[in-house]
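These values consider heavy atoms only, across backbone and side chains, with no hydrogens, waters or symmetry-generated copies. Bear in mind that the values here come from a model prediction, so they are computed numbers and not experimental data. In what follows, every chain begins at residue 1, and chains take the letters A, B, ... in the order their sequences are listed.
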Protein chains: 2
Amino acid sequence: MSRPTIGDVAAAAGVTKATVSHAYSGKRPISVATKQRVFAAAEQLQWVPSSSARALATRRANAVGIILARDPDILASDTFFPAFIAGVESVLARQEVALVMQVVTNRTAEERAYRAMAHGRSDGVILLDLHRSDWRVGFLQDLRIPAVLLGAYDGETSFSRVRTDDATPVKELIAHLRAAGHERIAHVAGPLDYVHSYVRARAYLEETGTPELLREGDFTAGSGRDLTAELLRLPDRPTAIVYANDTMAIAGYSHARAHGLDVPRDLAVAGFDDDHLSGHLSPALTSVFTDPRRRGEVAAERLLADIAGDLHREVTVDCTRLVLRESTAAAAPTTARPLLTKELP
Amino acid sequence: MSRPTIGDVAAAAGVTKATVSHAYSGKRPISVATKQRVFAAAEQLQWVPSSSARALATRRANAVGIILARDPDILASDTFFPAFIAGVESVLARQEVALVMQVVTNRTAEERAYRAMAHGRSDGVILLDLHRSDWRVGFLQDLRIPAVLLGAYDGETSFSRVRTDDATPVKELIAHLRAAGHERIAHVAGPLDYVHSYVRARAYLEETGTPELLREGDFTAGSGRDLTAELLRLPDRPTAIVYANDTMAIAGYSHARAHGLDVPRDLAVAGFDDDHLSGHLSPALTSVFTDPRRRGEVAAERLLADIAGDLHREVTVDCTRLVLRESTAAAAPTTARPLLTKELP
DNA sequence: CCTCATCGTCAAACCGGTTTAGCGTCGACT
DNA sequence: AGTCGACGCTAAACCGGTTTGACGATGAGG
C-alpha cells in the first residue's frame, strides 16, 4: 500500500478533499466536529501532505535557494560559509522553509540551476560572491524571481541588498598599525572582481596610497604564502600586511616566521573574517569579525519578506568589529630590520 | 504574462503536450521535423519545465536531503561539514540533483522535516551524526525513504552504510606517542552517544586501558579548554592528550601553554579531523585527516544508487591518514615534570 | 487488393494537492 | 409564512507536467 493522500483522509473522515484542505488551512470555516474527524483520520493514516503537490497547486516551493559557483575545494576550506548557512537556516527553520543548495562548475549549469530555482524549486534565491558587474543580477531579474544580494553591489538593480561596511574596519586596521609605528603597510587582497575584495582593497588604497604594496590573491593558503614571499623580497619591504582573509594571513605569517621573522616584532599581520581558530594561534591573529551568522539571518529575513511581497529594501548590517590580538600587538621598529634576502625563497 | 508552460510550447509548435514531453524524454519516437519545431518553440518561449509539476507527476523530487539537528553555533564552527557538503554536491551536480538542507532544533521539527523529505521534498536522505541507538533509523524505515548512514552504526538496519575506520588512526596515534616515550596518555572525547566519538574512545581504552584519563567533551573550544585544565590538575597528570577534534585540541594546548607548559616538550597534543589551519599553527598540530570531501562523494553516490534501485550496500571508505606534526614531535621526558598546581586554574 | 505491423501523434487520465462557485440547511427578521 | 443571510460543506476546475490507450497513415507481405 502506498502513502495516504488527502483523498484517503477525506474518505476516512467522510468528507471531501476540499474540507480536509480547509480544515488545515483555515481558509474556510469548518465545524469543530468535522475538524476533529478530519484530524483523527489524518493522524490515524499518518497523512503528510505531499510537498510537490502543494508546491504545484500553490506555486510556492516553500524553499529558498543558494547556488554556489565556487570550486568545491574552496568551499571546503571556507570559514564564512557554514556560519552564514547556519544563520540562514535559523530563520528559515521557524517558517519550515527549506534551503536548496546547488554547487555548479560552469556557466551553463549555473544558468540551468537558476532557471530550475525560478521554476518551482524555490521561491527566491540568495546571491553570494557578487562580482562587480554580475550577470546574475540581470539574469534573475528576467527570471522574475525574488533575490537578495549580499554585499555592496553597486550596479542597477531592484533586488533587496544586505550590505555591510567592509571599508571602515580596513581603515581602522591601518590606523591601528600606523599608531603602532608602521609606515609601509601592504595588502593581500582577494580576487578584485569580487565586490567585497574590491571594497577592501579600495579602502586600503584610499587610506595608504601605496598601490605598489597591493597584491591580488585568491583566498587560498597557497596564494597567501606566495604573495607574502613576494612582498618580503621587496627592497623596501612592508612591516605590516593586511590580508583579505585569515587563511591567507596565517599562511603568510607562517611563511615569514619560517624564514626567521618574528611576528609581530618584524612583521605585523592582520586577517579578515575571524576564523574560529584565529584566536587560538600563537601569536593570536588580529582579524575583523564580520558576523556571518547574523548576515545569514538578515539575508534570510529579507528574502522571506520579499517573497511575502514586501519588496526591495536595502538593509545595512552593522556587524563588523575589529579583533585586535597579538599579531599586531607590539610596536614595530620605525624602520624595517635588514633582512638577508637569502633567507627568503 | 506568466511563465510559459508545456501547453504554450505545444501550441506554438502545433502539437500536443504529450508530443513535447516525448520529444524531450525520448520515451516515444518523435520525428526529427517535429522535434525541431518543438525545440525551436521551447527555445523561443524560454520554456523550462516546472520542477514541482514534474516532481508530482514522476514522484521524483530530483533532490536529496540532509537534516541537521545541531545547534547552529556548532554548525558554524564545524570543519567537517562544508567539506562533506562539497563532496556530496560534486556528485549531485553531475546529475542535476539538488541538495535540500534543513537545520532543526527539536525532535518534533526534526520528525516533521523528515516526513516532508519523504513526502515529495527529496528522494532520499543522508544521516549524519549518528547516535549509538538512533531513533531516526527506524523512523525513516517506516517512512520508506532511501537513506544512507554515515559512520559505524551497529544497529539493525537495511539502509546503506558508508563506514570509515576511526579506530585504527587512534591506535596508531597512541602507538606513536608511546614510541616517543609517553606513558600517561589522556583522551578528550566527543559526546559518547555519537558513534564516531564512541568508536574513537573505545579504541583509546582498548589501547591504553586508562579510563581515568578519559574525558567526555562536546567538540567546542570551551570544553577542550576546561577538560584539559582538569586533566592537568591530576596528581599524576598525562604527558600527552589525544582530542576528538582539532578545535578542542587547539583550545587545550593554548590553555596549557598559557599556563607555562611547552608543547610538545611538556605536553604532546593530537587532534582529529585535520582542520585546514592545523598545519599552520605553531606548533603545528598533529591530527588525523579523514577526508570528509571524499566521504561526501561516496555517500552521495551510494544514495543515488539506492534511489535508482541498487539497494542496501555497505561501503567502507579507507581514507583516514595520520598527519604527524610538531605538536607530537619531540620525545617527552619519561616522567612528567613537576608542575606547580598554582600555575593551573 | 487486402491485411497487418509500425510509426508518429493525439486525447485523456493521472499525480495530490488548493481554490472557488454553488448548494442545502437553518435561524432570524419582517 | 416568506425572505434573506450566514454557515458548512460538496463538486469540479485547476496547477503543469507524464503516461498510456487509441488511432490514422504508411509501407511491407501474402
Hey, which sits more toward the 5' end of DNA chain C by its nearest nucleotide, B/Arg37 or B/Arg59?
B/Arg37
Give one of base, sugar-phosphate or nothing for A/Ile30, where a contact means two heavy atoms less than 4.0 Å apart.
sugar-phosphate
What contact category does B/Thr58 fall into here, base, sugar-phosphate, or nothing, at under 4.0 angstrom with non-hydrogen atoms?
sugar-phosphate
Verify salt bridge (Lys or Arg N to Asp or Glu O under 4.0 Å) between A/Asp291 and A/Arg295, making sure each step is shown before the conclusion.
CA-CA 6 Å; A/Asp291 209 345; A/Arg295 286 153 76 193; over 6 Å; no
Within the structure shown, what part of the strands sits under 4.0 Å from A/Ser31 by heavy-atom distance: base, sugar-phosphate, or nothing?
sugar-phosphate
Contact class for B/Val15 (heavy atom, under 4.0 Å): base, sugar-phosphate, or nothing?
sugar-phosphate
For a 4.5 angstrom cut-off between non-hydrogen side-chain atoms, does A/Ser197 reach A/Phe219?
yes
Please name the pair of heavy atoms, one in B/Ile66 and one in B/Phe84, separated by the smallest distance, quoted to 0.1 Å.
CD1-CE2, 4.2 Å
Each nucleotide of nucleotides 20-26 of chain D classed B (base within 4.0 Å of a protein heavy atom), S (only sugar-phosphate) or -, in 5' to 3' order, makes BBB----
Chain B on DNA chain C: first and last contacting nucleotide, 5' to 3', under 4.0 Å to a heavy atom?
C/dG8 to C/dG16
Who pairs with B/Glu301 by salt bridge (Lys or Arg N to Asp or Glu O under 4.0 Å), at least two apart in sequence or on another chain?
none
B/Leu99 versus A/Val100: any side-chain heavy-atom pair under 4.5 Å?
no
Rounded off to whole Å, could you give me the NZ-to-P distance for the A/Lys35 and D/dC7 pair?
14 Å
Listing request: all side chain to side chain donor-acceptor pair (under 3.5 Å) pairs with a residue in residues 120-129 of chain A, at least two apart in sequence or in separate chains.
A/Arg70-A/Asp129
Double-helix bend of the helix from C/dC1-D/dG30 to C/dT30-D/dA1, axes at both ends from 5 pairs, round to 10°, gives 60°
Checking all strands, does A/Pro49 fall into the base, sugar-phosphate, or nothing category for heavy-atom contacts under 4.0 angstrom?
sugar-phosphate
Closer to the 5' end of DNA chain D via nearest nucleotide, is it B/Ser52 or B/Thr19?
B/Ser52
Look at all strands and tell whether A/Lys27 reaches a base, only sugar-phosphate, or nothing, counting heavy atoms closer than 4.0 Å.
sugar-phosphate
Can I get a per-line list of side-chain donor-acceptor pairs under 3.5 Å for residues 35-47 of chain A, giving both atom names and the distance, sequence neighbours left out?
unit_1: A/Arg37; atom_1: NE; unit_2: A/Ala13; atom_2: O; d: 3.1
unit_1: A/Arg37; atom_1: NH2; unit_2: A/Ala13; atom_2: O; d: 3.2
unit_1: A/Gln46; atom_1: OE1; unit_2: B/Arg115; atom_2: NH2; d: 3.3

For the residue pair A/Val195 and A/Asp134, establish whether any side-chain heavy-atom pair is separated by less than 4.5 Å.
no
Is the B/Tyr114 ring parallel, tilted or perpendicular to the B/Phe139 ring (thresholds 30°, 60°)?
perpendicular
Under 6.0 Å from the CZ atom of A/Arg132, do we count more than 12 heavy atoms belonging to anything else shown?
yes
Backbone N/O of B/Arg161 and side chain of B/Arg163: donor-acceptor pair under 3.5 Å
no
